[in-house]
Amino acid sequence: MTGRWSWFNITSVVVGFTFLYLPIVLLVIFSFNESRLVTVWAGFSTKWYGELFQNQGILDAAWVTIRVALISASVATVLGTLAAVALVRFPRFNGRTVFTGMVYAPLVMPEVITGLSLLLLFVAINFARGFWTVTLAHITFSLCFVAVVVQSRLVSFDKSLEEAAQDLGCPPFQAFMKVTLPVIFPAVISGWMLAFTLSLDDLVIASFTSGPGATTLPMKIYSQVRLGVTPEINAVCTILIAIVTSGVLIATILNKRRNMQHKHN
Amino acid sequence: MPSLGSIRRSFAPWDDPAAKPYISFKNVTKRFGDFVAVDNLSLDVYEREFFSLLGPSGCGKTTLLRMLAGFEEPTEGEIFLDGQSLKGVPPHKRPVNMMFQSYALFPHMSVADNIAFGLKQDGMEKGARDERVAQMLKLVKLEEFAKRKPDQLSGGQRQRVALARAVAKRPKLLLLDEPLGALDKKLREETQFELMDLQQQLGLTFMIVTHDQEEAMTMSDRIAVMDKGIIAQIGTPAEIYEAPNSRYVADFIGSGNILEGNVASSDDAHVTIKGGDGEIVGALRGSKAPANGEAAWFAIRPEKMQVSRSKPENVDNALEGEVWDIAYLGDMTIINLKLDSGNVVQASMINRSRLVEDPIGYDERIWLSFSADSGLVLER
Ligand SMILES: Nc1ncnc2c1ncn2[C@@H]1O[C@H](COP(=O)(O)OP(=O)(O)OP(=O)(O)O)[C@@H](O)[C@H]1O
Ligand SMILES: [Mg+2]
């Protein structure tokens, strides 16, 4: 950071961060509240966390969410990486612009529309809605995020590395697995993290595409909150925040490291 | 019959009409869009030959190697390796290894793993592999760096790893794209000799791109001088240096003087041209003398001229001028002489004695003299 800390700077930072994080901090604090009343502090306690683990509904929803996130993130990472390779490697195939546009479209598409169109698709092909429809929907929309992350790394990847591998006797696919993939792996991991996090906290698309028995955690929280905020919900949210924050942190650190390596070269 | 240069060669398959070329480019053209990178080029290289490509940046040297290694397909024409067409053969199936101009080291592998990569790919067993890697590390003097990652090495060290990796498999044909450019003079010379040794011992064929003419001269059996996608001249180092076939080659290789004129007279060995610097007689290049009156150029190397203060007697050629610049280089002194026509001519003198009485100084008028066989008359 260059430049000095003027009063103006400090004030804007404080105001900005308060605005952003005060609600979250409050939520975390009140998840440790003794009282059942959400807005009245009655002393520190972790009892809501204990109660949380007795609540079968929430536990089920959490289990669904985690499975959806794991599967969709992994599949989206594979497909997104392949898409990125295709986008970078075959710069002049027919319809490249259309393909690029199509991969990125979900990035800017309002979630409501993505959700609705997927719902229509599942109804049209008579696909019973449930766990797999949510998972498929999540794969679809997180794939493009993975593709963007991996593509930005591939653009700066020196193609001659792969050529060197081929020159030394590797068939093209092996060269990709032995040289390209290990080199771009941090980006692939960041892509996976991103896809995982996106899936974890998606409410809109999940609401559209899920069916009976496949309620995700965000859906569960949302429906409970309509009956009133309980400290239990605060506790769930705190755990979610912890997971997401560590995910983002790990992705950032990986990214940092990658960039540093890059600068070195 | 005197011959060119100061070495007699025993290895010269290119002069033997029965010898089969190992690499053969047949009318190869390579276009990138509208741009012609290699233009209808034909070239034969023989087994066990040390062949160099010289030429200015962007003339297509790397493109030529990449076509041999299989990373580019010729737009037209065909390449043969050991009599077999290389059309459609993917890079990993060619018995060729290339050292990349950009090194292309695998950043996630240690130096030793980089070198072992191709050996592993061939299924060489661990013992033999480790031995080969150690031998390669020794060749490039990087024994202590085996465990480092490429980004922990200096530029010259990386270049040596790339060289070791390409050489490790001992391919029948090794393509080296500026293999020694980042090394200091001493290390470069040592590595040059080790490479030549290796090539001799193992009977490999080398094709190497370099910007260092001295390096090309030292190492090569033959040199190809390239110009914008074509080969301007192929020949032994002595032929390229002493008998360039064009102004372009005479100018590109070494330092030279080129004076312009028109053919005044000729016999079967010499041509006299007349221009702004008077009449100059030089050796005929080729067998047919140009017609009188045609434009021609006289090319002569700086070391082929004698410097004197007084007008030399009984010489074929003499030029008078004013000393324009003097550079003392230790082993020799370079004098730039401004002729009365305004042309500047360079001459060099070997400094045979440590002490010189009354050395030549700036603004003096002096003479350069040279025999008719010292320079060449070129038609283009
Ligand atoms: N993939 C490509 N697409 C378009 N043009 C290319 C491509 N590869 C090479 N060229 C062009 O072909 C010409 C020859 O390139 P090449 O790399 O063979 O030059 P070079 O002789 O190796 O030069 P240098 O000494 O600088 O390495 C250059 O003008 C270059 O711009
Ligand atoms: Mg090049």
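In this structure, A:C170 and B:F117 have side chains that are in contact, with non-hydrogen atoms separated by less than 4.5 Å. Residues B:P107 and A:D158 are not in side-chain contact: their nearest non-hydrogen atoms beyond the backbone lie 4.5 Å or more apart. Side-chain contact check for A:K178 versus B:Q121: some heavy-atom pair is nearer than 4.5 Å.
In this structure, CG in A:L168 is found 5.5 Å from CZ in B:F106, a value given to the nearest 0.5 Å. The CZ atom of B:R165 sits 8.0 Å away from the CG atom of A:D167 when rounded to the nearest 0.5 Å.
In this structure, B:Q84 places its CD atom where only 12 or fewer heavy-atom neighbours from other residues, nucleotides or ligands lie under 6.0 Å away. Around the CZ atom of B:F32, the shell of radius 6.0 Å holds more than 12 heavy atoms that belong to other residues, nucleotides or ligands. Summarising the local packing, CZ of A:F185 is surrounded by 12 or fewer heavy atoms from other residues, nucleotides or ligands at distances under 6.0 Å.
For the residue pair B:F100 and A:S160, the shortest heavy atom distance occurs at CD2-CB, 3.9 Å.
Only the side chain of A:Q174 has a heavy atom closer than 4.5 Å to any heavy atom of chain B. For B:M99, no part lies near chain A; criterion is any non-hydrogen pair under 4.5 Å. Contacts between A:K159 and chain B at a heavy-atom distance below 4.5 Å are absent for every atom of the residue. No part of B:L119 comes within reach of chain A, as not one of its non-hydrogen atoms sits under 4.5 angstrom from that chain.
Taking 4.5 Å as the heavy-atom cut-off, the residues of residues 47-75 of chain B that approach chain A are B:R66, B:A69, B:F71, ordered by number.
Put simply, of B:P171, B:G118, B:A166, B:S102, the one with the most heavy-atom pairs under 4.5 Å next to chain A is B:G118. Contact count versus chain A (heavy atoms, under 4.5 Å) is highest, among B:R94, B:M98, B:K93, B:K120, for B:M98.
Under a 3.5 Å cut-off, the side chain of B:H92 and the backbone N or O of A:A165 do not form any donor-acceptor pair.
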